[in-house]
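Accompanying notes for the structure given below.
Throughout, a chain's letter reflects where its sequence line sits, starting with A, and its residues are numbered from 1.
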Amino acid sequence: MRNAPFVTNYLSEHLADDAYAKLAGYQRAGGYAAARRAVCELSPDEVIEQIEGSGLKGRGGAGFSAGRKWAFMPRDESPALLVCNADESEPGSFKDRLLLERAPHMILEGILIAAWATRAQKTFVYVRGEYATAAVAVERAVAEASKDGLLGDDIMGSGFHHEVVVVRGAGAYICGEETGLLESLEGKKGQPRKKPPYPSEYGAFGLPTTVNNVETFAHVPHIIANGVPWFRSFGTEDSPGTTLFGVSGQVLRPGLFELPLGTRLDEIVFEYAGGVPDGRKVKGVIPGGVSMPILPAGQLDVRMADEFLRERHTRLGTGGVIVMDDTTCMVRVASVISYFFRDESCGQCTQCREGTGWINKLVDRIERGAGEERDLEILLDIAGKLEGQTICAFSDAAAWPIQGLMRHFRSDFEAHLGAEKCPFPASFEL
Amino acid sequence: MWITIDDREIEVHEGRMLLQALDDAGLLGNDVDIPHFCWHPKLAIDGSCRLCQVEVEGESKLQIACDTKVVDGMVVRTDTDRVRNARAGVMELLLVNHPLDCPICDQAGECKLQDFAFDHGSPVSRSREPRRALAKNVAIGPEVVFDQERCILCRRCVRFCDEVTGTSELGIFGRGDASVVDTFPGRPLDNAYSMNVADLCPVGALTTRDFRFKLRVWDLDDVDGICTGCARGCNLHLGVAKGAVQRAVPRRNDAVNDTWICDEGRLSYHAIGAPDRLKEPQLRGTDGRLAPTDLATAVEVAAARIRRLVDAKGAGVFAGIASAHATNEDLFTFWKFLDALGAETRGVPVIRGQADGILIEAEKAANASGARELGFDVTGAIADRVRSGGVDAAIVFGHDILDAQFLGGTDALATLDTLIVLDLHQSELHHVADVVIPTLHAAEKDGTLTNSAGRVQRVRRAHEPAWPAWSEGSVISLLGAALGLAGFDGSWDVAAVSAELARSQPRFAGIDLASVGRGGRNIANAEDVTAPVDGEA
Amino acid sequence: MISDATRSAVSELMTRFPEKRGALLPALHLIQSEFGHVAPETAVEVADLFDLQPVQVLEVLRFYNLIHDTPQAQHHVAVCTNLSCSLRGARDLLRQLEAHLGIAAGTATADGRIQLDHEECLGACAYAPMMRVDEHYHEDLDAETAKGILDALE
């Protein structure tokens with residue numbers, strides 16, 4: 001199969017198998033046994049206990065404990081919803097798409113277990129609008145599962161009722177933010193909500209709602225099937241389990257690698273992905289999608305888990321590793337990233353709406369050689385004003401990469417000041 | 001519960017957000033300065049402008065005061081370096097794309113962006129990048145003009161049309177710094193309250209066609225007014241210059257109109273200087289035509305005609321048809337006059353239209369409740385009485401009696417022996433009147449009006465009338481003196497009349513010109529005096 | 001006019017959500033598949049179906065990249081130019097496609113056949129450069145392959 005992961009583990013071992021996307025193939029590989037166990041043998045609280053005990057952290061970027069999130073939900077039979085955030089749009093990330101396309105039943109099984117645990121009657125799978133193939137795959141899986149009594153009324157004879165509805169987004173990065181997604185699900189512009197109230201209290205359509213990322217759901221059946229100690233045998237104490245690292249950019253073997261959290265970044269870049277081609281050297285690596293600050297070549301000896309990355313002023317994010325070789329102009333990198341955030345800002349909060357545009361215009365002016373020394377201070381200052389002052393974390397995501405680039409590659413910016421043309425002629429084109 | 005804000009302890013209600021709590025206490029914008037754009041006391045919380053950030057003890061991040069619930073013992077600081085820097089940051093970012101065209105902007109002088117930039121911003125702009133080029137001078141609706149470049153996207157206008165009028169003409173299209181406020185193609189901002197968006201707009205993006213380029217706001221004197229278009233009695237700021245009202249904008253009164261006014265009411269000030277204003281007293285001569293005269297002569301003639309008829313036929317043939325546009329003081333004087341004359345036939349025709357459930361009420365006059373309180377019949381029965389005969393003389397305030405709901409024209413009045421008209425504008429009534437005396441607009445006189453909820457509110461003389469005109473009360477007083485009626489000596493002091501009214505009518509006890517205050521007082525609930533009128537609007 | 005078939009499909013969609021407005025995005029996708037775009041007069045019809053004001057439908061239309069309120073070309077070609085793709089020559093690919101079609105990105109061919117755009121990350125980062133043609137991904141592209149794909153479009 002094209003796009004098959006180079007290194008597999010429990011999430012991805014069957015991704016290359018076309019039959020795995022179908023119910024029969026998935027069940028042949030042991031699928032839905034965990035769901036059956038959860039729904040027929042465990043109480044919702046027992047499931048939450050296991051997930052909380054497993055230390056599973058959300059794989060959508062924020063890294064919040066999945067079990068704790070579930071535990072926020074009301075413990076009664078009042079209407080509650082579950083949402084699968086399949087709006088993967090973080091540049092550098094593509095793992096969720098492959099899971100949705102190649103292992104939709106694994107996601108559904110995780111959803112079913114989470115629904116049982118959070119007492120939700122309905123799940124909306126919000127699939128990124130561009131992911132047409134993925135949406136079709138999930139829809140097909142829902143139809144198969146419903147037909148087979150794995151969804152709908154009296155699931156597996158347990159009396160539990162659950163429905164899954166697939167909704168396609170329509171092209172807006174901000175809908176990956178969980179409350180932006182909820183707004184979009186309600187048929188509105190995907191503008192994030194003020195918090196509190198949190199979704200567990202007032203979510204989609206005003207109902208208590210849990211929102212989890214695709215990969216987060218994917219881990220759940222494996223935890224239920226194999227137990228907490230098994231899950232904790234992967235990864236680190238604070239960040240257990242594996243994750244699907246997506247490596248892209250200037251490496252020999254770009255692709256997916258399922259590795260334990262805590263795997264060293266240099267190992268991923270050089271050993272698994274083969275390092276940069278053509279005898280070039282690495283200049284910098286973004287560890288977790290463009291929202292996360294870059295690390296310079298000298299700082300790749302870091303384990304890929306938040307507790308370690310935080311010490312280097314960056315985060316795991318979505319685990320989307322982007323590698324840049326030594327031809328790279330970091331001002332161009334800033335230009336690409338700042339354009340993205342300018343284009344995708346929902347426009348609600350002043351700092352984000354105005355700041356993302358200002359940063360992008362300013363970076364482009366520096367790239368054109370029309371920058372001055374003071375512009376570098378202004379750039380950092382505006383980025384600082386975006387941080388931690390808005391309704392959602394988007395503006396932090398817009399600020400961090402700029403701060404990271406300025407922290408480690410300020411000399412690239414300085415080299416542009418007064419330069420007639422970009423001092424990095426061999427860099428990727430803009 | 002209590003909170004501490006900049007070392008001042010204030011009592012707050014549970015469940016309120018900080019800005020609301022400060023607004024409740026009447027402190028916001030007065031003693032406590034927390035700049036804000038998107039928050040408005042009468043609109044849902046938006047939380048997007050991020051300007052109202054404050055430091056809350058125990059919170060690592062700054063909190064927006066509009067969306068932070070008060071907690072007992074909460075300690076808030078609005079004046080730290082961190083807060084100042086955050087504000088300056090927001091101000092700088094808001095100005096990055098703003099055209100800075102204050103010299104040609106109507107909002108200058110009452111622009112929050114200008115004010116806050118002065119108080120909380122930096123004097124120099126660091127941005128050298130090109131600003132957004134967007135639509136200017138857009139006719140977004142019949143009454144409102146829109147400048148997209150000045151807009152700071154606070155969404156107040158959008159929320160107003162969603163939440164208050166329910167008409168939802170406005171939306172924000174696009175994302176990020178490409179976001180713009182606009183209407184749906186072919187569906188302009190056209191509702192009965194559309195001009196409120198210009199008041200709500202903290203910058204000069206939305207302006208009214210009515211006041212556009214008319215005057216600089218700092219050349220206006222601000223006088224409290226009351227709209228007389230319906231029984232709601234919406235509170236107004238009258239902007240006065242060059243001896244005339246130049247504009248009317250709503251004045252906040254939470255017990256009456258919140259911070260709104262309907263477009264019709266806002267524009268009704270044009271009646272003050274309308275070309276059909278009566279400009280002098282008139283008498284019908286022997287040639288059957290009305291001719292100018294002076295007040296003394298008009299009063300003398302009117303008194304003589306009334307005296308002749310009453311002496312011949314008794315006061316039963318006399319009708320007093322007052323107006324619900326007149327003040328309590330005017331009506332009280334007229335009531336006493338009719339008592340002294342012995343005339344029992346009295347009433348006030350109140351034109352009825354459609355109420356809209358927002359502000360506009362069915363009774364199309366500002367003082368129908370006052371007339372009712374004083375004992376006037378406001379059902380329109382007076383018209384039946386006139387139509388059925390038995391009335392030979394009448395004093396009529398205004399021309400509402402001609403409305404289709406009442407006499408439907410002048411026919412019934414044409415048969416009267418004597419018709420004395422006290423009115424603001426020319427009307428068909430004058431074709432059949434014997435004496436016509438010009439009266440004052442509510443913005444030209446002092447007195448009180450009682451709104452539909454029983455709130456007695458003060459009107460003030462905003463400027464001298466441009467032509468000779470008198471309050472109904474003073475004319476009636478002269479007439480009473482000319483007729484030699486007990487209690488009338490020809491003088492009329494509105495404050496004294498108001499005080500007498502408060503003494504003699506139990507429902508008005510304690511409520512007179514001197515005591516109503518700027519927010520008015522309710523005759524049904526004397527405790528109800530606390531509406532904040534100078535808080536946030 | 002929205003067809004009866006689409007109307008009944010929209011009604012069915014509404015039943016899947018706790019509130020019918022939830023079906024707005026799915027409905028707009030559906031209606032766009034019928035008309036190619038959602039014109040203002042169609043937006044008015046949609047607003048009626050959903051008990052919304054037309055402006056609320058237009059706000060939604062203009063917030064999302066994949067639904068359009070103006071007529072679109074027959075085929076939509078989007079070349080991802082976000083970082084991972086740019087690092088692997090996406091800009092060069094886009095320029096070659098611009099030259100091949102004789103149009104600038106962001107515009108459509110005069111015959112209304114192809115709209116060419118640069119696009120933000122499409123989630124195929126390891127398989128760069130890539131483009132999305134209508135609903136299909138084409139990955140690991142070189143310019144000649146990409147041109148061939150465009151030439152094969154009807």
Side-chain angles (χ1 to χ4, degrees), chain A residues 2-3 79 81 88-94 96-97 122 124 128-133 163 165 167-173 175 184-191 204-207 246-250 254-256 286 290 320 322-325 328 332-333 336-337 340 343-344 346 428-430, chain C residues 13-30 32 46 50 52 56-57 59-68 78 80-95 118-128 130 132 134-137 139-140:
Chain A
R2 288 190 62 250
N3 300 354
L81 298 174
E88 179 178 64
S89 323
E90 175 70 14
S93 310
F94 50 97
D96 290 348
R97 180 168 69 89
K122 191 175 254 193
F124 291 101
R128 181 175 178 190
E130 288 85 349
Y131 282 8
T133 310
E163 275 174 67
V165 176
V167 180
R168 286 184 64 183
Y173 172 80
C175 295
S184 184
L185 199 55
E186 292 183 3
K188 300 171 186 163
K189 299 194 279 185
Q191 297 190 311
F205 307 99
L207 302 174
V247 184
S248 63
Q250 290 152 331
L256 272 187
I286 294 173
V290 299
I322 306 173
V323 181
M324 284 148 271
D325 71 21
T328 306
R332 292 188 190 185
V333 172
V336 171
I337 295 176
F340 172 75
D343 193 43
E344 296 291 351
C346 86
F428 76 90
E429 280 182 72
L430 264 190
Chain C
L13 283 171
M14 288 173 176
T15 64
R16 301 184 190 183
F17 296 85
E19 291 167 19
K20 68 177 180 180
R21 185 170 179 172
L24 184 58
L25 277 192
L28 290 172
H29 278 304
L30 202 62
Q32 180 162 276
V46 175
F50 281 87
L52 296 172
Q56 294 168 318
V57 174
E59 276 187 299
V60 168
L61 272 168
R62 294 196 181 159
F63 188 82
Y64 296 97
N65 294 344
L66 296 179
I67 37 181
H68 310 280
C80 173
T81 54
N82 209 295
L83 187 58
S84 299
C85 283
S86 279
L87 286 166
R88 295 179 77 91
R91 309 277 171 151
D92 181 58
L93 174 68
L94 182 61
R95 254 160 232 153
H118 78 96
E119 183 60 87
E120 295 306 328
C121 182
L122 288 164
C125 317
Y127 321 110
M130 65 80 66
R132 183 173 183 267
D134 301 325
E135 301 236 295
H136 301 285
Y137 278 30
E139 300 172 338
D140 295 315

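Interatomic distance, OG of A:S184 versus CZ of C:F63, reported as 8.0 Å (0.5 Å rounding). Rounded to the nearest 0.5 angstrom, C:E119 CD and A:E130 CD are separated by 5.5 Å. Atom-to-atom distance recorded for C:R91:CZ and A:R332:CZ is 10.0 Å, nearest 0.5 angstrom. We find the CZ-CG distance between A:R128 and C:L66 to be 8.5 Å, quoted to the nearest 0.5 Å. Interatomic distance, A:C175 SG to C:L25 CG, rounded to the nearest 0.5 Å: 7.5 Å. The CZ atom of C:F17 sits 11.0 Å away from atom CG of A:L81, with the distance rounded to the nearest 0.5 Å.
Only the side chain of C:H118 comes within contact range of chain A, judged by heavy atoms closer than 4.5 Å. With a 4.5 Å cut-off on non-hydrogen atoms, C:F50 does not touch chain A at all. For C:R62, no part sits under 4.5 Å from any heavy atom of chain A, backbone or side chain. Of the two parts of A:E429, the backbone and the side chain both hold a non-hydrogen atom closer than 4.5 Å to a non-hydrogen atom of chain C. Proximity to chain C is limited to the side chain of A:R97, based on heavy atoms less than 4.5 angstrom apart. Interface residue A:D343: only side-chain heavy atoms are found under 4.5 Å from chain C. Looking at A:V247, the atoms closer than 4.5 Å to chain C (heavy atoms on both sides) all sit in the backbone: N, CA, C or O. For C:R132, the part lying near chain A is the side chain, with the backbone staying farther off; criterion is any non-hydrogen pair under 4.5 Å. Both the backbone and the side chain of C:R16 come within contact range of chain A, with heavy atoms under 4.5 Å apart. Looking at C:A124, both its backbone and its side chain come within 4.5 Å of chain A, counting heavy atoms on both sides.
Residues C:Y64 and A:A170 come closest through the heavy atom pair CB-O, 3.2 Å. For C:R21 against A:E186, the heavy-atom pair with the smallest separation is CG-O, 3.1 Å. Closest approach of A:F124 to C:P18, counting heavy atoms only: CZ-CD, 3.9 Å.
In terms of modelled atom types and a separation under 3.5 Å, the side chain of A:Q250 and the main chain of C:L87 share a donor-acceptor contact. Proximity of a side-chain donor or acceptor of C:H29 to a complementary backbone N or O of A:G169 within less than 3.5 Å is detected. Distance alone, capped at 3.5 Å, places no donor-acceptor pair between the C:Y137 side chain and the A:A132 backbone.
Using a 4.5 Å heavy-atom threshold, the side chains of C:P26 and A:V167 count as touching. Between A:V336 and C:T81 there is no side-chain heavy-atom pair separated by less than 4.5 Å. A:E344 places a side-chain heavy atom less than 4.5 Å from the side chain of C:N65.
Under the side-chain contact (heavy atoms from CB on, under 4.5 Å) rule, A:F94 has a single partner from C:C121, C:C125, C:S84, which is C:C125.
A:Y173 meets the ring-ring contact (aromatic ring centres under 6.0 Å, His included) test with A:F340, A:F394; sequence neighbours excluded. Shown here are the ring-ring contact (aromatic ring centres under 6.0 Å, His included) partners of A:F428, two or more places apart in sequence or in another chain: there are none.
The candidate with the highest count of non-hydrogen atom pairs below 4.5 Å against chain C, out of A:M324, A:K188, A:E88, is A:K188. Note on C:L13, C:V60, C:L24, C:L122: by heavy-atom pairs under 4.5 Å with chain A, the leading option is C:L122. Interface summary for chain A: among C:E19, C:Q56, C:K20, the most heavy-atom pairs under 4.5 angstrom belong to C:E19.
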